Amino acid sequence: MTELSVEELERWRLSGRSFVLLDVREAHELAVASIGGALHVPMREIPARIGEIDRDAEIAVLCHHGARSRHAAMYLAANGFERVYNVDGGIDAYARRVDSSVGTY
């Protein structure tokens, strides 16, 4: 698992790079702030829904500040996912440093 800055995440998005943005926050958090195109699987549901995540893709895992996503990314890496990145600072950092229209909470 590797850390990915929010600026690098934005470069990935703008370049058209093929990857999965996995948002592990709860539904009520998505209602406040979200990034379009993300796959939403709350952290607690990952073990039951792991089959929905493409093992061959690069996966950028996102949460509010980066702690839950780090745990989820480590879980995925321990379960055979080879190209997993934790979005450092989460959606909060993304909103503050990349796109303020995303909103904060």
Side-chain angles (χ1 to χ4, degrees):
M1 187 228 17
T2 305
E3 296 291 319
L4 182 70
S5 72
V6 292
E7 293 82 7
E8 186 66 15
L9 172 64
E10 184 66 358
R11 283 191 285 278
W12 283 19
R13 295 183 74 232
L14 294 175
S15 73
R17 184 177 185 144
S18 178
F19 72 99
V20 173
L21 178 58
L22 177 62
D23 192 327
V24 299
R25 296 174 302 137
E26 297 296 321
H28 69 274
E29 294 175 282
L30 262 69
V32 177
S34 63
I35 298 173
L39 171 62
H40 176 234
V41 180
M43 186 172 146
R44 62 183 163 72
E45 295 178 17
I46 289 176
R49 297 178 57 191
I50 201 164
E52 296 176 33
I53 305 166
D54 184 353
R55 288 185 176 276
D56 297 323
E58 286 186 296
I59 302 167
V61 188
L62 177 77
C63 70
H64 189 198
H65 288 115
R68 281 177 287 174
S69 57
R70 185 172 297 111
H71 283 72
M74 290 184 336
Y75 178 84
L76 291 174
N79 282 275
F81 289 78
E82 295 182 3
R83 300 185 299 160
V84 181
Y85 303 82
N86 178 53
V87 179
D88 187 35
I91 200 160
D92 186 73
Y94 186 88
R96 293 178 192 281
R97 299 188 341 227
V98 175
D99 184 356
S100 61
S101 71
V102 168
T104 58
Y105 61 99

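These figures come from a predicted structure and were not determined experimentally.
- Linking ILVMFWY residues whenever their side-chain heavy atoms come closer than 4.5 Å, directly or via other members, leaves Leu4 and Met1 in distinct clusters.
- Put simply, Phe19 and Phe81 are part of two different groups of oily side chains (I, L, V, M, F, W, Y) that touch within less than 4.5 Å, one to the next.
- Using a 4.5 Å cut-off on side-chain heavy atoms (C-beta onward), Tyr94 and Asp92 make no contact.
- Considering all non-hydrogen atoms of both residues, Ala60 and Val87 come closest at CB-CG2, 4.0 Å.
- Taking the six-membered ring where tryptophan is involved, the planes of Tyr105 and His64 are essentially parallel, since the angle between them stays under 30° and well short of 60°.
- For His71, the NE2 atom counts as loosely surrounded, since its 6.0 Å shell holds 12 or fewer non-hydrogen atoms of other residues, nucleotides or ligands.
- Under the 4.5 Å side-chain heavy-atom criterion for ILVMFWY residues, a single connected hydrophobic cluster contains both Leu22 and Ile50.
- In this structure, Ser15 contributes its side chain and Arg11 its backbone to a donor-acceptor pair below 3.5 Å.
- For Pro42 against Arg49, the heavy-atom pair with the smallest separation is CD-NH1, 3.8 Å.
- Ile53 places a side-chain heavy atom less than 4.5 Å from the side chain of Leu76.
- In this structure, Ala77 and Val84 approach most closely via the heavy-atom pair N-CG2, 4.4 Å.
- Looking only at side-chain heavy atoms (C-beta outward), Val24 and Cys63 come within less than 4.5 Å of each other.
- Residues Gly103 and Ala33 share a closest heavy-atom pair of O-CB, 3.6 Å.
- Between the side chains of Tyr85 and Glu8, no donor-acceptor pair is found at a separation under 3.5 Å.
- By the 4.5 Å heavy-atom criterion applied to side chains, Asp23 and Leu39 are not counted as neighbours.
- Distance alone, capped at 3.5 Å, places no donor-acceptor pair between the Glu10 side chain and the Glu7 backbone.
- Salt-bridge formation is detected for the pair Glu29/Arg68: a Lys NZ or Arg NE/NH1/NH2 atom is positioned less than 4.0 Å from an Asp or Glu carboxylate oxygen.
- Looking at Met43 and Arg25, their side chains never come closer than 4.5 Å, going by heavy atoms from C-beta outward.
- No option in Val32, Asp99, Val102 other than Val102 meets the side-chain contact (heavy atoms from CB on, under 4.5 Å) test with Ile91.
- Side chain to side chain, Ser69 and Asn86 meet the donor-acceptor criterion of an N or O pair below 3.5 Å.
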Decide side-chain contact (heavy atoms from CB on, under 4.5 Å) for Val61 and Ile59; before the verdict, give the C-alpha distance in whole Å, the side-chain angles of both, and the deciding distance to 0.1 Å. CA-CA 6 Å; Val61 188; Ile59 302 167; 3.9 Å; yes
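- Using a 4.5 Å heavy-atom cutoff, the side chains of Glu82 and Arg55 are not in contact.
- Following chains of ILVMFWY side-chain contacts shorter than 4.5 Å, one can reach Tyr75 starting from Val20, so the two form part of one hydrophobic cluster.
- For the atom pair CZ (Arg70) and NE2 (His65), the distance works out to 12.0 Å, reported to the nearest 0.5 Å.
- Between atom NE2 of residue His40 and atom CG of residue Leu21 there is a gap of 11.5 Å, rounded to the nearest 0.5 Å.
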